[in-house]
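Shown next, in structure tokens, is the structure this report addresses.
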Amino acid sequence: MNPSTPESPVGDINRAAELEVLVQVAERGGLSAAARHLGVSPSAISKAMSRLEARLGVQLLMRSTRRVQLTPEGRLFYERGKQVLADLDELEATVATRSAPRGLVRISASTSTGQEILVPLVARLLAAHPGLSLDLNFTDQVVDLVKAGIDIAIRWGQLPSSDMVARRLDCTRQLIVATPEYLARHGLPRHPEELQRHVRLGWNYQRAIPDWPFLVAGRRVMVGIGEVIRVNDGDAMRQLALHGAGLARLSLYHAWQDLAAGRLVAVLEDFNTGDLEPIHAIYVGKPDRLPPRTRAVLDFLQAHVDLRHAEKLPAAWRA
């Protein structure tokens, strides 16, 4: 947002330009720095601030030869005014782009989620919103959205309490699987108590739970995994199970093709709790203050991420 003229950054009714001047003075620490940024003279900035203070009837700045500080009233006006300017920018961008949001959206996801869920949707997303560009960051490390400059992160499982906002995309149930060859060598467990003589594959990420839940005689029972092998990647877990390393608890979404092909079979289904594993898109900020580009991607993912196509597998996939 630029001042109206080189030497007169505000007019009698140009309150948005007045706000811009105050914000720049506050954030850049002085009249001269604000003037350089706005492309006007320091005297024009000084006059604009004097007119604003006269109109409001309060002092907003405490000036000295070395620095400029906000008064309490100036701090309030700055903080609220900065949000007003952000809202105005978003309004203008929304009206200008209408149904065609533009700009870069940075998305973070685990490697397997990125390859299996996001990559197949990219062409359709850009066809629906050709003004967008995407920066896809696939990593199995939990990324700090603010530090990494990420707009949206895709996360599996229950989310911890945080300042981030989550939009649920879909969910899929979980089950315990193994290869027929593994079961032939180690025997088929028919009750959760028999898991103690089996190799169980676990997770080593921070929020991993150390137990597997079962429904026994109508009661929820937690069985300690006592895992010999732990990983932090869903595809690595699946590959370990496919190579006969042990029993794994996977989402049906990740395992359904192997179940349908007979490479894996589900065990202890009579004790399955039916727990659903959700997948969320998370972001920082208020839902009603999102940039149009971010909102467009969130809406698209919510409409197109589908984990339910595996729900009607034949009974043969059970051991």
Side-chain angles (χ1 to χ4, degrees), residues 1-106 129 131-133 144-152 162-165 283-299:
M1 185 180 302
N2 294 318
S4 55
T5 68
E7 285 298 320
S8 180
V10 295
D12 291 338
I13 59 172
N14 196 345
R15 291 184 292 174
E18 289 180 337
L19 282 176
E20 180 72 5
V21 169
L22 176 64
V23 167
Q24 293 304 324
V25 169
E27 294 187 345
R28 298 179 186 278
L31 304 184
S32 296
R36 286 193 298 271
H37 177 75
L38 294 173
V40 299
S41 68
S43 64
I45 296 294
S46 180
K47 291 175 182 177
M49 292 307 308
S50 295
R51 285 196 297 269
L52 177 58
E53 289 177 326
R55 183 165 64 81
L56 296 177
V58 295
Q59 183 179 359
L60 301 175
L61 300 175
M62 292 185 294
R63 302 172 176 86
S64 69
T65 56
R66 293 187 176 182
R67 60 188 303 184
V68 172
Q69 287 184 303
L70 292 171
T71 65
E73 293 80 8
R75 172 62 58 180
L76 174 62
F77 202 72
Y78 160 73
E79 292 175 351
R80 296 289 296 273
K82 187 175 180 180
Q83 186 58 61
V84 169
L85 290 175
D87 292 342
L88 182 58
D89 286 342
E90 181 175 351
L91 176 60
E92 291 177 347
T94 301
V95 172
T97 57
R98 296 183 183 178
S99 61
R102 298 181 180 277
L104 175 65
V105 180
R106 297 178 175 87
H129 302 292
L132 294 179
S133 57
D144 185 311
L145 274 66
V146 175
K147 289 183 179 180
I150 297 296
D151 297 298
I152 301 170
S162 72
D163 293 332
M164 294 180 291
V165 183
Y283 57 93
V284 178
K286 297 182 179 180
D288 60 348
R289 301 271 172 91
L290 282 174
R293 56 186 172 80
T294 305
R295 183 177 293 109
V297 174
L298 286 169
D299 291 345

Inset, instruction - Output the distance between atom CG (Leu19) and atom CD (Gln83), rounded to the nearest 0.5 Å. - result: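 Going from the CG atom of Leu19 to the CD atom of Gln83 covers 12.0 Å.
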Legend entry - Pairwise distance NZ(Lys82) to CD(Glu20) - rounded to 0.5 angstrom: 10.5 Å
For the student: nearest non-hydrogen atoms of [X] and [Y], plus distance:
| X | Y | value |
| --- | --- | --- |
| Gly149 | Arg106 | O-CD, 3.0 Å |
| Val165 | Pro287 | CG1-CG, 4.0 Å |
| Gly74 | Leu22 | O-CD2, 4.3 Å |
| Pro101 | Leu132 | O-CD2, 3.7 Å |
| Ala35 | Pro42 | CB-N, 3.6 Å |
| Arg28 | Gln24 | NE-OE1, 2.6 Å |

Between [X] (side chain) and [Y] (backbone), is there a donor-acceptor pair under 3.5 Å?
| X | Y | result |
| --- | --- | --- |
| Arg293 | Leu104 | yes |
| Arg102 | Pro292 | no |
| Thr294 | Asp151 | no |
| Glu53 | Leu60 | yes |

Inset, instruction - Scan for salt bridge (charged side-chain N to carboxylate O under 4.0 Å, His left out) pairs involving residues 68-81, sequence neighbours excluded, and state none if there are none. - result: none
Side-chain contact test, heavy atoms from C-beta onward, threshold under 4.5 Å: evaluate it for [X] versus [Y] and give yes or no.
| X | Y | answer |
| --- | --- | --- |
| Leu52 | Phe77 | yes |
| Leu31 | Arg63 | yes |
| Met49 | Val21 | yes |

Legend entry - Which residues share a side chain to side chain contact (heavy atoms under 4.5 Å, CB included) with Lys286, sequence neighbours left out: Asp288, Arg289
Legend entry - Identified salt bridge (Lys or Arg N to Asp or Glu O under 4.0 Å) partner of Glu18 from the options Arg55, Arg51, Lys47: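 So, applying the salt bridge (Lys or Arg N to Asp or Glu O under 4.0 Å) to Glu18 and each of Arg55, Arg51, Lys47, only Arg55 qualifies.
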